[in-house]
Amino acid sequence: AAEKDEEEEEEGDGDATQPSQAPLEDTQPSQAPIEDHDASATPPGSKSSSPALELDGGVEAVRSMVAALKTAVGFAVQMSGAVGVLCRLLASSTPSDAIEATGLLVRLRQFGVDGADEGVRRMLGLVFSRDQAVRDAAVDAVDVLFLANDSPVVAAASLAEVAGAAALGELASLEEVLKMLVAAGRVPPNGALMRALWAQGMAKEGPEGEDNAPARAAALTVLAMAAATHPE
């Protein structure tokens, strides 16, 4: 019995000295789900955020267009610089110089060249020239620029714009030109132009609701100039 007790104690001591083994944890890191990057790519057939610019004719066509635009801008600058020369020619003692300068100023104004409006206002003074051909050129220029328009409303607005920007001497020249046009029957006293000037002078607001007091005053000024020949 003593020997059995000793054997049981040795087995108990052996069991006690053995460390308890904890359950092994899965130390492998958890793998996150792999995202499908291809799904976020641009689907076929859809436009990308920065599409390539398509040019008709390629780069050479664009270069040709840029060269043409540079030439056009340079020509416009040269013509704008020529307005001062033309204004000096208006005062030439040679009638042909004044007549040719008048015709060129008309063309420049029709194409909207910078400074042409001022040149046209100065051209109005030729109506007091001693040469009949020069006076006729000034009258014809006003007829072509302001009265040949199909719309009397546009013609009235153009004449009012000239009157609104004109100096005192230029207003006197414009009045003389209008008197000659009315006397020649080219501006009927009761025609559409007169009615358009009257409507513009009576309008309290502009096309966009703005105050158009200066435009109204200019329209009434032109109307009074034209009515000087036929007050009735």
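Heavy atoms only: backbone and side chains are in, while hydrogens, waters and symmetry mates are out. We're numbering straight along the sequence, starting at 1. Given the structure is predicted, the values throughout are model-derived calculations rather than measurements.
Residues R121 and E118 are not paired through a salt bridge, judged by the lack of any N-O separation under 4.0 Å between the basic side chain and the carboxylate. A salt bridge links R186 with D140: the closest approach of a Lys/Arg side-chain nitrogen to an acidic carboxylate oxygen falls below 4.0 angstrom.
In the hydrophobic cluster analysis, where Ile, Leu, Val, Met, Phe, Trp and Tyr join through side-chain heavy atoms closer than 4.5 angstrom, F146 is grouped together with F111. Hydrophobic clustering of Ile, Leu, Val, Met, Phe, Trp and Tyr side chains at less than 4.5 Å, counting indirect connections, unites V144 with L178. Transitive grouping of hydrophobic side chains (ILVMFWY, heavy atoms separated by less than 4.5 Å) brings M202 and V222 into a common cluster. Residue F75 is grouped with residue V83 when hydrophobic side chains (ILVMFWY) are merged at heavy-atom distances under 4.5 angstrom, including chains of intermediate members. Hydrophobic clustering, with ILVMFWY side chains joined whenever heavy atoms are under 4.5 angstrom apart, keeps V153 apart from V142.
Rounding to the nearest 0.5 Å places CZ of R195 at 15.0 Å from CD of Q200. Here the CE atom belonging to M180 is positioned 6.5 Å from the CZ atom belonging to R135, to the nearest 0.5 angstrom. Residue E170 holds its CD atom at 14.0 Å from CD of E175, rounded to the nearest 0.5 Å. Atoms CG and CG, on L105 and L145 in that order, are 9.5 Å from each other to the nearest 0.5 Å. Annotation: the span from T102 atom OG1 to L126 atom CG amounts to 4.5 Å, rounded to 0.5 Å. Atom CG in D131 sits 9.0 Å away from atom CG in D136 (nearest 0.5 Å).
Side-chain contact between L89 and L104 is absent, with no heavy atoms from C-beta onward closer than 4.5 Å. L171 is listed as a side-chain neighbour of M225, based on a closest heavy-atom distance under 4.5 Å. Counting heavy atoms from C-beta on, the side chains of P188 and N190 never come closer than 4.5 Å. Side chains of L181 and V177 form a contact here, defined as non-hydrogen atoms less than 4.5 Å apart. Contact check for L174 versus V127: no side-chain heavy atoms found under the 4.5 Å cut-off. Residues W198 and M194 fail the side-chain proximity criterion, which asks for heavy atoms closer than 4.5 Å. Counting heavy atoms from C-beta outward, L147 and V187 have side chains that approach closer than 4.5 Å.
Counting all heavy atoms, side chain and backbone alike, G119 lies closest to C87 at CA-SG, 3.7 Å. Residues P152 and A196 share a closest heavy-atom pair of O-CB, 3.6 Å. Residues A219 and G201 come closest through the heavy atom pair CB-N, 4.0 Å. The heavy-atom pair separating V134 from A98 by the smallest distance is CG1-CB, 4.3 Å.
Using a distance-only test at 3.5 Å, with no hydrogens or angles considered, a donor-acceptor pair links the side chain of S173 to the main chain of G169. Under a 3.5 Å cut-off, the side chain of T94 and the backbone N or O of S96 do not form any donor-acceptor pair. A donor-acceptor pair is defined here as one N or O able to donate and one able to accept, closer than 3.5 Å; such a pair exists between the side chain of R216 and the backbone of A203.
Counting heavy atoms of neighbouring residues, nucleotides and ligands inside a 6.0 Å radius, atom CZ of R109 exceeds 12 of them. A 6.0 Å sphere centred on CZ of F128 holds more than 12 heavy atoms belonging to other residues, nucleotides or ligands.
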Passes side chain to side chain donor-acceptor pair (under 3.5 Å), D114 versus S80? Steps please. CA-CA 5 Å; D114 292 340; S80 177; 4.9 Å; no

